[in-house]
Protein chains: 2
Amino acid sequence: MSQMQNVEIGLREMILGLEVGPGERLTERWIESRFGASRTPVRAALLRLETEGLVCRDGRGWTVSPINLAELEQIAVYREAVEVAAVKLTCALEDRTAVEIIEAMLDSCDAGSPREEWHRVGMDFHIELARLSGNEFLFRAVRDAMTRLSRARWLEVRDEAALGRAWAEHHAILAAVRTGDADEAARRLSAHIVGSRDRLVTSLHNDRRGLRARGFAVVAA
Amino acid sequence: MSQMQNVEIGLREMILGLEVGPGERLTERWIESRFGASRTPVRAALLRLETEGLVCRDGRGWTVSPINLAELEQIAVYREAVEVAAVKLTCALEDRTAVEIIEAMLDSCDAGSPREEWHRVGMDFHIELARLSGNEFLFRAVRDAMTRLSRARWLEVRDEAALGRAWAEHHAILAAVRTGDADEAARRLSAHIVGSRDRLVTSLHNDRRGLRARGFAVVAA
DNA sequence: GATACCATTTTGGGATACCAAACTGGTATC
DNA sequence: GATACCAGTTTGGTATCCCAAAATGGTATC
């Protein structure tokens, strides 16, 4: 494992896990000492994370990207476009048995599962569903979009009801895919993405004061 | 202008302009001497171009990404998803007068314009059309996809008829956008992308021997 | 007390030195 | 002639050094 991957993976985990807060300043020297690497791999890692939207330039320096409500809304529109395209492709496949793997993944989560598990499975559902399409670009688009959404989903004040609703919607989408009903799958997927976005943005909007109090920069829509 | 941008822009131009052939090996030291920069900015530039898909790793080293026919086909599907989503958003806007700027851009190309001009305008049409949607992610997706297509479009043996057809299709799409007919715009845009892809892939497939003879790596579909 | 100014420190951009791994070319062996 | 092997070279990965610009903090001035 090269130092660059070390820093890239470690720093990404810190950012996605909110160990460094959105909006926080980062210095190359701090990262250097934090991971015991020199500045060369640190800079390489920062350049990569910049393309993922997890860090951004702040004048000359680096900043952990703030949570941006306007961006979250735009991402939802983007997701709708690419995820619906992907699921339609998947429905057109002859062999759609792979959906069962995703169903098993969903079912591995139950009431006793930790929050982290629900969080991860909720993202992987969309990523793996896109992967089934076989289109590398649609897949990467979904994966990258979910990465950008990851922190916001952590911050969302999720009630149990929302988790259960998402779980049911995911299953309904898979059921449509299993039968090859592209229109039904697309309709349900669209509704799911739009609904999730609304709940997420509303929740973050209501909580933005508390989040800022925790040192998390939240940019309004 | 920082050295990193220098190298990034210069190397991107060399790759897109086919001054370095698809599949060609690149060494950091060669780029270093070619642009009079040290390895630090060279590495930063390579990392960026890697995310654009213009260079890729080849074991430990770097390679100018080969032309990949399978990738071209997948990109077309991806483009269809994001461009259609973007144009539908644009049709839903109240103020769509900005399409006139794009029409003027198209009209700036005539029979006397150099090939480079047609090439650039043909890409910018799609990029600027996506920009009108106001969705940053859809815009970036289209821009990045067109960047990846750029070299293949150069290699395509274009007859005048194909240029004229694309020009007419572009105008027809804009006409539909101007009247706000989202379905019509989407239909025409879809057909245009699919048709362009077919011509492009067919042309490259037929020419792949000649291209390989020129030292251009072409990966089959 | 507010502010303008200057010395100091910090920071990112870049250049270079060093190293280990991979590659190359030639040679010796069969 | 083919092949195994070895020394020399090249290459990317990393660490470190230098520099100019920006941030910082203290001080003098009003």
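Computed over heavy atoms, backbone and side chain alike; hydrogens, waters and symmetry mates excluded. Just so we're on the same page: letters track the sequence lines, and every chain starts at 1.
The residue B:Thr40 sits close to a base: some heavy atom pair falls under 4.0 Å. Across all strands, A:Leu26 comes closer than 4.0 Å only to sugar-phosphate atoms, never to a base (heavy-atom distances). The residue B:Ala44 sits apart from the nucleic acid: no heavy atom pair falls under 4.0 Å. At the heavy-atom level, B:Arg57 lies under 4.0 Å from the strands shown only through sugar-phosphate atoms.
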Only pairs under 3.5 Å count here: list side-chain donor-acceptor contacts from residues 29-40 of chain B, not counting sequence neighbours, and write none if there are none.
from: B:Ser33; atom 1: OG; to: B:Trp30; atom 2: O; distance (Å): 3.0
from: B:Arg39; atom 1: NE; to: B:Glu28; atom 2: OE1; distance (Å): 3.2
from: B:Arg39; atom 1: NH2; to: B:Glu28; atom 2: OE1; distance (Å): 2.9

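Residues from residues 1-8 of chain A that place a heavy atom under 4.0 Å from any atom of DNA chain D, listed by number: A:Ser2, A:Gln3, A:Met4.
B:Arg208 places a side-chain heavy atom less than 4.5 Å from the side chain of B:His205.
Aromatic ring orientation, B:His192 versus B:Phe125: perpendicular (interplanar angle above 60°, classes split at 30° and 60°).
Salt bridge absent: A:Arg197 and A:Glu80 never bring a charged side-chain N and a carboxylate O closer than 4.0 Å.
Side-chain atoms of A:Arg60 lie closest to D:dA21 of the nucleotides D:dA21, D:dA15, C:dA15. The A:Pro41 side chain lies nearest to D:dT14 when the options are D:dT14, D:dA20, D:dG12.
Each of A:Arg131, A:Arg143, A:His170 was evaluated against A:His126; a single residue qualifies, A:His170, per the side chain to side chain donor-acceptor pair (under 3.5 Å) test.
The partner of D:dT11, taking Watson-Crick or G-U wobble pairs whose two distances both stay under 3.5 Å, is C:dA20. Under the Watson-Crick or G-U wobble criterion, with both distances below 3.5 Å, C:dC30 is paired with D:dG1.
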